[in-house]
Enquirer: 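Handing you a structure now.
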There are 2 protein chains.
Amino acid sequence: MLRDDITTAIRGAVMHELAAVGYGRLSIEAVARRAGVSKTAIYRRWRSKLELVLAVVSKVAVQRLPLPDTGTLRGDLEMLFMIMSHALRHPLASQIIPDLLAEAARNPEIAQTLQSALQANQHTIGVLLIERAVERGELPEGADPGALMDLIVGPLYWRIAIARTPLDAADLPRMAAAVAAALGVASEPHRPVDSGPAPIDTTTGSGSNRS
Amino acid sequence: MLRDDITTAIRGAVMHELAAVGYGRLSIEAVARRAGVSKTAIYRRWRSKLELVLAVVSKVAVQRLPLPDTGTLRGDLEMLFMIMSHALRHPLASQIIPDLLAEAARNPEIAQTLQSALQANQHTIGVLLIERAVERGELPEGADPGALMDLIVGPLYWRIAIARTPLDAADLPRMAAAVAAALGVASEPHRPVDSGPAPIDTTTGSGSNRS
DNA sequence: CAACGACGGTACGGTTGCGTCCCGACGCTC
DNA sequence: GAGCGTCGGGACGCAACCGTACCGTCGTTG
């Protein structure tokens, strides 16, 4: 029986090492050093660096985010943003996630693992949040969660993980409101592009308004 | 005098190598091999891997994107999205950019270089696109380009570089419309958050609707 | 209490990359 | 056409890491 405490130490070391040097430069030796463990201990548990990282990351990524129903799309978004920004603020997460996502562009196995993890959360978010909004009448039916996902997670992810501009908690409601508006527009059934320079209805404009 | 053709070959090799293995695993030897050049040729031009990459990337990143005035915020966004998606579709760019952005989280020099490059484009986008919209009356004055940037580039970047879902060109207008709506809401002057579970107006709701 | 089995740790050969040094080749100048 | 300066290429010593084989230890079982 493999000792749990050592397994745990390895897991932690992988996370820290991943954050410190990234997947590309992650070395088994460094993980072993940081964990205060021998390389053999690691090779006994996982066959390769890829397997090790995938296992550790999967274990962490599976943790679902709770997403309470606030009663409104905007409220749900605000809540989601708070949770996301909290999660992405973790120094480990904010370094590991972009790194692995970049690595996923090269390594199909990593891509698939992340895709699965992402898909899980996507369902938490997509199915829950969006379908809730549809049921409330805040979004029209037939809204495609996949297409809306970009609008939901894109801005916050960019802000925190890419631009890394400090994000005041007070900014989240504003962002939530903006995204809610975007979702309204994006999920409208196809409408002809009002060509030309006519002033635009920046709000959801035509149909599909609630209340 | 250093031979230009060799310098060019090195630059190309760096880009390809960067895309293939990422910054973390980029090795001078591999660059030299791919460029069909000796290591000395590289060390004569740059002192280290970091300097090499920064120089090559800076050279590429400086190229500004043209951004014609279409007459409307939505049109400008659509145009911008087309340009961005075109640029991000390049296999090299779509692998190098996320990789370097992830690396920037660890390496301050890379962060600063990218920040500069990003800031340049940010001004192209922010000052041009947003101020144009303000002048047209499509956005209220005092809109903070920095805060709006997340809404503009976040969704498309997420879609192409992170989720890597195929993006139909026909989807861009929809996304542009959605983002335009988001910008309208986000740039509204502060308004009290309607607290509580009262049904929320997911659109811009109260005032400030144009047209 | 003895023997077994599974564990973690150390040591090893092989590989890869770093950064440098030296050499032959090429072009330019007088 | 001879000499000089600069270039690119190959080789070297050094360090890190990979994956494995072997060794001592500990807990368990009969």
Side-chain angles (χ1 to χ4, degrees), chain A residues 1-57 59 95-96 99-100 102-103 106-110 113, chain B residues 1-57 59 95-96 99-100 102-103 106-110 113:
Chain A
M1 186 61 176
L2 297 165
R3 270 168 55 186
D4 276 356
D5 56 337
I6 291 197
T7 304
T8 302
I10 295 174
R11 265 196 255 274
V14 167
M15 297 294 285
H16 280 88
E17 206 61 27
L18 220 42
V21 303
Y23 178 83
R25 276 202 161 163
L26 182 108
S27 77
I28 303 285
E29 301 231 9
V31 171
R33 271 198 303 268
R34 189 187 286 266
V37 154
S38 79
K39 280 196 298 176
T40 317
I42 298 177
Y43 279 109
R44 262 195 236 284
R45 284 162 233 264
W46 300 278
R47 264 173 298 185
S48 67
K49 164 175 149 180
L50 176 61
E51 197 173 304
L52 165 62
V53 170
L54 289 185
V56 170
V57 169
K59 185 119 185 173
Q95 297 208 308
I96 293 177
D99 185 88
L100 288 183
E103 197 65 31
R106 290 180 212 104
N107 193 318
E109 301 201 46
I110 293 184
T113 300
Chain B
M1 186 59 177
L2 297 165
R3 270 168 56 185
D4 276 357
D5 56 337
I6 291 196
T7 304
T8 304
I10 295 174
R11 265 195 255 276
V14 168
M15 297 294 286
H16 281 88
E17 206 60 28
L18 221 41
V21 304
Y23 178 84
R25 276 199 162 166
L26 181 107
S27 77
I28 303 285
E29 302 233 7
V31 171
R33 271 199 302 268
R34 190 188 286 265
V37 154
S38 77
K39 280 198 299 177
T40 318
I42 298 176
Y43 279 110
R44 263 195 234 283
R45 290 165 171 79
W46 300 278
R47 264 173 296 186
S48 67
K49 163 175 148 180
L50 178 60
E51 198 174 303
L52 165 62
V53 171
L54 289 185
V56 171
V57 169
K59 186 118 183 172
Q95 297 209 306
I96 293 177
D99 185 88
L100 287 183
E103 196 65 31
R106 289 179 213 106
N107 192 319
E109 301 202 46
I110 293 184
T113 299

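In what follows, chains carry the letters A, B, and so on, assigned in the order in which the sequence lines appear, proteins first and then strands, with residues in each chain numbered from 1. Computed over heavy atoms, backbone and side chain alike; hydrogens, waters and symmetry mates excluded.
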Enquirer: Side-chain polar contacts of residues 6-13 of chain B - donor-acceptor pairs under 3.5 angstrom, sequence neighbours left out - could you list them?
Expert:
unit_1: B:T7; atom_1: OG1; unit_2: B:R3; atom_2: O; d: 3.1
unit_1: B:T7; atom_1: OG1; unit_2: B:R45; atom_2: NE; d: 2.8
unit_1: B:T7; atom_1: OG1; unit_2: B:R45; atom_2: NH2; d: 3.4
unit_1: B:T8; atom_1: OG1; unit_2: B:D4; atom_2: O; d: 2.9

Enquirer: Hey, what do you get for CG (A:D99) to CG (A:L26), rounding to the nearest 0.5 Å?
Expert: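 Atom-to-atom, A:D99:CG and A:L26:CG are 9.5 Å apart.
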Enquirer: Carefully, step by step, assess B:L100 and B:T113 under the rule side chain to side chain contact (heavy atoms under 4.5 Å, CB included).
Expert: CA-CA 10 Å; B:L100 287 183; B:T113 299; over 6 Å; no
Enquirer: Can you tell me how far apart NZ (B:K59) and CE (B:M15) are? Round to the nearest 0.5 Å.
Expert: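 B:K59 NZ to B:M15 CE: 12.5 Å, rounded to 0.5 Å.
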Enquirer: Go through the steps for B:L50 and B:I110 under the test side chain to side chain contact (heavy atoms under 4.5 Å, CB included), then give the verdict.
Expert: CA-CA 8 Å; B:L50 178 60; B:I110 293 184; 3.7 Å; yes
Enquirer: Considering residues at least two apart in sequence or located in another chain, which fulfil the salt bridge (Lys or Arg N to Asp or Glu O under 4.0 Å) criterion with B:E51?
Expert: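 B:E51 satisfies salt bridge (Lys or Arg N to Asp or Glu O under 4.0 Å) with B:R47 once adjacent residues are dropped.
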Enquirer: Rounding to 10°, can you tell me the angle the first-five-pair axis of the helix from C:dC1-D:dG30 to C:dC30-D:dG1 makes with its last-five-pair axis?
Expert: 0°
Enquirer: So which heavy atom on B:R106 is nearest to which on A:L18, and how close?
Expert: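 Shortest heavy-atom separation between B:R106 and A:L18 comes out as NH2-O, 3.8 Å.
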Enquirer: Residues in side-chain hydrogen bond (donor to acceptor under 3.5 Å, both in side chains) with B:E29, at least two apart?
Expert: B:K39
Enquirer: Across nucleotides 8-16 of chain C, 5' to 3', mark each nucleotide with B, S or - according to how protein heavy atoms within less than 4.0 Å reach it.
Expert: BBB------
Enquirer: Earliest and latest nucleotide of DNA chain D, 5' to 3', sitting under 4.0 Å from a non-hydrogen atom of chain A?
Expert: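 Contact span on the strand: D:dC17 to D:dA21.
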Enquirer: When the distance from CD of B:E51 to C1' of C:dC18 is rounded to whole Å, what number comes out?
Expert: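 Rounding to the nearest Å, CD of B:E51 and C1' of C:dC18 are 16 Å apart.
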Enquirer: Looking only at non-hydrogen atoms, find the nearest pair between A:L52 and A:I42 and report the distance.
Expert: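 So the minimum-distance heavy-atom pair works out to CD2-CG2, 4.1 Å.
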Enquirer: Under the side chain to side chain donor-acceptor pair (under 3.5 Å) rule, what pairs show up with a residue in residues 12-23 of chain B, not counting sequence neighbours?
Expert: B:E17-B:R34
